[in-house]
Amino acid sequence: MTNYSEDEARRRKEQDMTIAPGKLETSIAARMSEGVKIYGTGTAEVRALDGIDIGFEKARFTAIMGPSGSGKSTLLHALAGLDNLTSGTVYIGDVELGSLNDRKLTLLRRERVGFIFQAFNLIPTLSAEENITLPMDIAGTKPDREWFDQVVEILGLGDRLHHRPSELSGGQQQRVAAARALVSRPEIIFADEPSGNLDSKSGSELLEFMRTAVRELGQTIVMVTHDPVAASYANRVVFLADGKVVDQMDDPTTESVIDRMKTLGS
Amino acid sequence: MFRTAIKGLTANRLRMALTALSIVLGVAFVAGSFVFTDTINARFETLFTDVFAGVDATVRPDSESTNAQSFDESVLADVEAVEGVAVASGGVGGFAQMIDSSGEPIGGQGPPTLGFSWTEEPQLNSLTIADGNGTAPAGPTDVVIDVATSEAQGLTVGDAIDIQTIGGIDTFTITGLANFGTEDNLAGATLSAFELTRAQELFDLEGQLSAIEVLAEDGVEPEALVADISAAVPSGIEVVTGEQQTQEQLDAVTEGLGFLSTALLAFAGVAVFVGAFVIQNTFRITVAQRVRELALLRAIGATGSQVVRLVFVEAAIIAVVASAVGVVAGIGVAELIKTAMDAAGLGIPDGPLTVEIRTIVVSMIVGIGVTLVSALLPARRASAIPPVAAMSETSARATPKSLRTRSIVGTIVTAVGVAAMALGLILENSTSLSLVASGALSLFIGMSVLAPLIARPVARFLSAPIRGVTGKLARENTIRQPRRTASTASALMIGVALVAFTSIFAASISSSISDTLEESFPADLAFASTNFQVGVSPVAIDELRAQEEFEVVSAISAGLFEIDDAELNVAGVEPETVDSVYQLGSSIEMSELGDRLLVFEEALETNAWSVGETVTVVFNGVGEVPMEIGGTFTDATFAQYVISEDQFFTNIGDDQITIAFASLADGVTLEEGQAAADVALAEFPTIDVNTKSEQIAEAEAQVNQLVTLFTGLLSLALVIALLGIANTLALSIVERTREIGLLRAVGMVRTQIRQMVRWEALITAVFGALLGVAIGTGIGYGVVASLADDGLGSFALPAGQLLIWIVIAGVAGLIASIGPARKAAKLDVLKAISYE
C-alpha cells in the first residue's frame with residue numbers, strides 16, 4: 001500500500017468531503033482515513049495501524065476481527081477518541097477528532113459515543129441505575145425517562161437497578177454497561193470484547209440484545225472481538241492483520257468467519 | 001528480601017517521600033527540643049562559670065533560718081579577718097527599673113530588672129566594662145548599665161536616665177556600659193550598677209549587705225575557707241563555695257526554662273503521635289494494594305514471616321533515613337527557636353548549638369520505634385494474605401474485621417482513656433499530669449478505632465448539601481473504605497482536638513476571670529505592678545490614699561506559708577476595708593479577723609479542720625506560728641488562706657502587695673479617678689491603673705497570647721495530618737486508576753475529576769475536624785469542671801473560633817488535595833482503562 005504524506009492525505013480527504021458531504025453526514029457514523037499508529041521508534045517501532053481506511057455506516061453492527069496484535073483494539077481506541085493517531089484522520093459524524101483538545105474530546109465522548117468494555121465497566125460505588133445514567137449525570141442533563149425504562153426493560157434489569165455492581169452477575173454487569181451506552185442515545189457505540197468475560201449463555205444474551213438495538217432501535221455499534229460466534233451477530237465483519245484491513249464480509253455466520261480466520265492465520 | 005524491599009520503595013517514591021516527611025517533622029521537633037534545651041544549659045553553664053570564676057566563697061543570708069535579705073555590713077570585717085581570705089567585697093542587690101524618655105518602663109515584662117552595687121575588685125565583679133565604654137560608678141548620680149539595654153535604647157556614656165527603685169524615681173548619669181561575663185546582658189534582664197553607698201540607699205539597705213564575695217589566698221582550698229568563714233560569721237548567715245553558687249544559678253535558669261523544654265517536648269510528642277497515624281495508614285493502604293504481589297511471593301514459597309519482614313524492612317529503611325534527616329532538621333528547629341527567643345528579647349548567650357549523643361540516639365529511637373510500631377499491624381495483615389489471593393480478583397479486598405470487635409475494643413480503649421483523664425484531674429497530685437496525658441493518648445486511639453463506625457453516617461451527612469455527580473462519587477469514595485477515611489481523619493482529629501481544647505480552656509479562663517471580676521470585685525479601679533519582681537509599693541498605696549477622689553483604697557498581698565509541710569498560697573488583706581473591694585464571702589465579719597486565719601471552705605473540709613481550732617503555720621525565716629482558724633470563705637481567687645495585712649507584713653513582708661483596689665468617692669467619675677491615680681502614681685511607672693473592663697481585656701490578652709503560642713506549635717500536628725490526607729488520596733487514586741479511566745472514557749472532563757478528589761478531601765478533613773472539636777469540647781468540659789474548685793467556674797464554648805478551625809481544616813484539606821487531584825486529572829485515559 002502506498003504511503004501518502006500527511007498533506008496528501010488531508011488533501012484527498014478534503015476532496016472526499018467536497019465530493020459528497022451530504023452522503024457522508026447521513027450514512028456514515030464514523031470513519032478513519034489513512035490511519036497510522038506507530039508505537040516506539042527505531043528497531044522497536046511497531047506499526048499498530050498501518051494505513052487504515054474504513055467507514056462505519058449508521059444503524060449497522062460491525063465486528064472487527066483479527067488475531068492478537070493485529071491492531072483491532074488500537075483501531076477501536078482511535079475511533080472512539082481514546083487514543084490519537086500518528087497520522088491520518090478520524091471522524092465521528094462530521095467532527096474530526098485530531099483537531100479537538102482533551103476537553104472537547106471528552107465532551108464528544110460524553111455526548112456522541114457509548115462504550116462497553118470487556119471488564120471494569122462500572123463504578124463499584126454506584127448502583128446499577130446510577131451507573132446507567134452516569135454520562136448524563138456527568139453532563140448534568142436529565143435522562144429521557146421513557147427511553148430509560150424501555151432500555152432497562154429490554155435488558156431485563158428492572159429488578160436490579162438498586163444493586164451495586166458487586167451484587168450483580170458478570171452478565172448483568174455487562175448488560176448494565178450496555179444500558180449505559182444506550183441510554184444517552186449516542187451516535188455510535190464502541191464495544192471491546194463485551195462478551196469476553198461471560199459464559200456462553202450470558203454472552204449470547206448480550207450479543208442478541210446488541211443486535212436488537214441495531215435492528216430495532218437504529219443504533220450503530222462497532223465491536224472488537226476475536227470470537228467468531230460473537231462476530232456472527234454482526235451485519236458485517238472487518239478482518240484486520242498487521243495493522244491493515246485485509247478483508248470484509250457481510251452477513252457473517254460463525255462458520256464463514258472461522259473459515260476466513262483460518263486463512264488469515266496461515 | 002532486602003532487595004525486594006528496596007525495589008518496592010523506589011517504585012513508589014512520592015508515597016514514600018510523603019510518609020518519610022511525616023516522620024521527619026516529628027523527629028525534627030523532638031531533636032530540636034533537646035538541642036535547644038541542651039544549648040541553653042551549656043551556654044549558661046559557660047557563662048556562669050566564667051562570671052563566678054574568681055569567686056571562691058560567697059557569704060549571704062541563710063534563707064533557711066531567716067527571711068532577711070541582707071545582714072549588717074560589720075560582717076565584712078569578720079570575713080576579712082579570717083585567715084586565708086585574700087580579698088572580700090560586700091555588695092547589695094535589688095530592684096531597679098529603668099524608665100525610658102517617654103516615661104515607660106524598660107523591659108521587665110518577663111526577664112528581671114536587676115540592680116547591683118558596683119564591685120571594685122575586678123576578679124569578684126561579674127560585670128566588666130570594655131575599653132572605651134566608660135568607667136565605674138563613683139558618685140551618687142552615677143550608674144553603669146548593660147550594653148544590650150544601652151544599644152536597644154540608643155543610650156550611651158554621659159546620657160541621663162531615670163531609674164525607679166523601691167523609694168521612687170531618681171535621675172542618673174550613665175558613666176559606663178558593662179558586659180555580663182562575655183555577654184551584652186543576662187538572658188534579657190536589664191542591669192544597672194551603682195556605687196555601693198548609693199546602692200544601699202536606693203535599695204533601702206543602709207548599713208547592710210546582701211552578699212560578700214571572697215577571693216582565697218593562693219593554696220587555700222575553697223571548702224576549707226568556707227568552713228573557716230562560717231565559723232567566724234554570726235548565725236543567720238551562710239557561706240557557700242563559688243562552684244556551689246554557679247550550680248545554683250544554673251539550676252535556677254534550668255528550672256525557669258524547664259517549662260519551655262517540657263512544653264516543646266510535649267508538642268513534639270503530639271507531632272510524633274499524629275505522624276504514627278499517617279505512617280500506619282500509609283502502610284496499611286500499600287499492603288492492601290500489594291495483596292496480589294505479596295500473595296505471589298507466598299505462592300512461590302515465601303513464608304508468612306518473610307512477608308512480614310518485607311514490609312518491616314521497607315518501614316525500617318524509611319524510618320532510618322527519615323529519622324536521620326529529622327535529627328539534622330531538628331538542629332535547624334533549635335536555631336529557629338533560639339532566633340525567635342532572641343527576637344522576643346529573651347537573649348540566650350551566643351555560641352554553638354549543643355548536639356549531644358543522647359539527642360541523636362533518643363530522636364533516632366523515637367523515629368524508628370514509632371515507624372516500626374506503626375507498621376506492625378499492616379505487616380501482620382500482610383502475613384495473613386493467603387497465596388491464593390495471587391490468582392483471584394475478588395479476595396484482593398481484605399475482609400474487614402467484624403464491627404462488633406471493633407466497637408468493643410474501641411469503646412474499652414476510649415473508656416480507659418476517659419477514666420485515666422478523669423482520675424488524673426481529680427487526684428491533683430504528681431501523677432496527675434502523666435495520667436491525663438496517657439488518658440488523652442488512649443482516648444485518641446480509642447476514638448480512632450471507633451471512627452470508622454461513624455464515618456459512613458457522618459460522611460453522608462456532610463455531603464448531603466453537595467450536588468452533582470462529582471460530589472456523589474466523592475461521598476461514595478469516602479464511605480467505601482470507612483477505615484481508611486477514619487484513619488486519615490483521625491490524624492487531623494488529634495491536632496484539632498488539642499487546638500479546640502486550648503480555645504475552650506482559654507475562653508473558659510477568660511470568662512471566669514470576667515465573671516469573678518464582675519461578682520467579687522466591686523471596686524472601680526485596680527492597681528497592679530507590671531514587673532513581677534516587685535509588688536505595689538506601700539508608699540504608692542499611701543499616695544493613693546491621699547487622693548480625696550478615692551473613698552477606699554485596699555491592698556492585697558500574696559505569698560507563701562507552710563502547714564504540715566505543704567507549701568500553700570496565702571493572701572494578706574486589710575480587714576477594715578477589704579469588703580468594699582473584694583467579696584471573699586467570709587463567714588465572719590472581716591473587721592473582726594484580728595490575728596486569726598481564714599480558710600477556704602473546701603480546704604477546711606479536706607483537712608478535716610473546724611473553726612476555732614488552732615493550726616501551726618510555718619513562715620519561711622520566721623518559724624512556727626500557731627494560728628486560730630477564725631472562719632471560712634468562699635471566693636479563693638487569690639489563695640485558699642487569708643490573713644490580715646498586719647500578720648502578712650510581719651511574717652512575710654510588706655513588699656508583696658500584688659494588687660490594690662480603689663472605689664471612687666461619691667460624685668467622682670471614672671475619668672477623674674484615673675486622673676487622680678495618675679497623679680498619685682507619677683513616681684511609680686511600673687504600676688498599671690486599670691478600670692474593670694481594662695482588667696478583663698488585659699487578662700484576656702494574656703490568655704490569648706498563650707493560646708496563640710500553643711496553636712502555633714499545634715499547627716505542626718495539623719501539617720502532618722495534612723500530609724496524611726495527601727498521602728491517602730494519592731494512594732486511593734492509584735487504586736482507582738481504572739475507575740478514573742472509565743469516568744474519563746464516558747465523558748468526565750479533567751475539571752470534574754479534580755473536583756471529585758477535592759470533595760473527597762474536604763469531606764475527610766471536615767470529618768476529622770468535627771471529631772476533633774467534639775473530643776476537644778469533651779476534654780475541655782472535663783478539665784474546666786475539675787478546676788471549678790480552683791476558681792475556674794464557667795465553661796465557655798467559643799463556637800465562632802471552633803467553627804473557624806473546622807473551616808481552616810477544610811481549606812487545608814483542599815490544599816492537601818491539590819497534588820492528588822492534579823495527578824488524577826492527568827491520568828492517561830487509555831492507560832487507565834487498561835491498568836492492571
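Note on naming: letters A, B, ... go to the chains in the order of the sequence lines (proteins, then strands), and numbering restarts at 1 for each one. Given the structure is predicted, the values throughout are model-derived calculations rather than measurements.
- Within a 6.0 Å sphere centred on CZ of B:F461, other residues, nucleotides and ligands contribute 12 heavy atoms or fewer.
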List the steps and the verdict of side chain to side chain contact (heavy atoms under 4.5 Å, CB included) for B:K472 and A:E130. CA-CA 10 Å; B:K472 181 161 73 181; A:E130 288 167 330; 3.4 Å; yes
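- Contacts of residues 750-772 of chain B with chain A at a heavy-atom distance below 4.5 Å involve B:R750, B:T751, B:Q752, listed in sequence order.
- Residue A:E153 qualifies as open at atom CD: its count of foreign heavy atoms under 6.0 Å is 12 or below.
- Distance check, rounded to the nearest 0.5 Å: OG1 of A:T106 to CG of B:L743 gives 11.5 Å.
- In this structure, chain A has heavy atoms under 4.5 Å from both the backbone and the side chain of B:V746.
- Among residue pairs with one or both ends in residues 186-200 of chain A, those qualifying as side-chain hydrogen bond (donor to acceptor under 3.5 Å, both in side chains) are A:R112-A:E187, A:Q118-A:N197, A:E193-A:H226, A:D199-A:S202; sequence neighbours excluded.
- In this structure, CG on B:L830 lies 4.5 Å from CG on A:D83, to the nearest 0.5 angstrom.
- Of the inter-residue distances, the one linking A:I123 atom CD1 with B:L473 atom CG reads 6.5 Å to the nearest 0.5 angstrom.
- Comparing A:L134, A:L107, A:V113 by how many heavy-atom pairs each has under 4.5 Å with chain B, the most go to A:L134.
- Only the side chain of A:L126 comes within less than 4.5 Å of a heavy atom in chain B; its backbone stays farther off.
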Evaluate side chain to side chain contact (heavy atoms under 4.5 Å, CB included) for B:L742 paired with A:F117, printing each intermediate quantity in order. CA-CA 9 Å; B:L742 180 65; A:F117 297 108; 3.6 Å; yes
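- The shortest non-hydrogen separation linking B:V469 to A:D137 is CG1-O, 3.5 Å.
- Using a distance-only test at 3.5 Å, with no hydrogens or angles considered, a donor-acceptor pair links the side chain of A:R109 to the main chain of B:R744.
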Is there a side chain to side chain contact (heavy atoms under 4.5 Å, CB included) between B:V749 and A:D102 once you walk through the steps? CA-CA 8 Å; B:V749 292; A:D102 178 77; 5.9 Å; no
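- Scanning both residues, A:P124 and B:R480, for their nearest heavy atoms gives CG-NH1, 3.9 Å.
- For A:L105, no part lies under 4.5 angstrom from a heavy atom of chain B.
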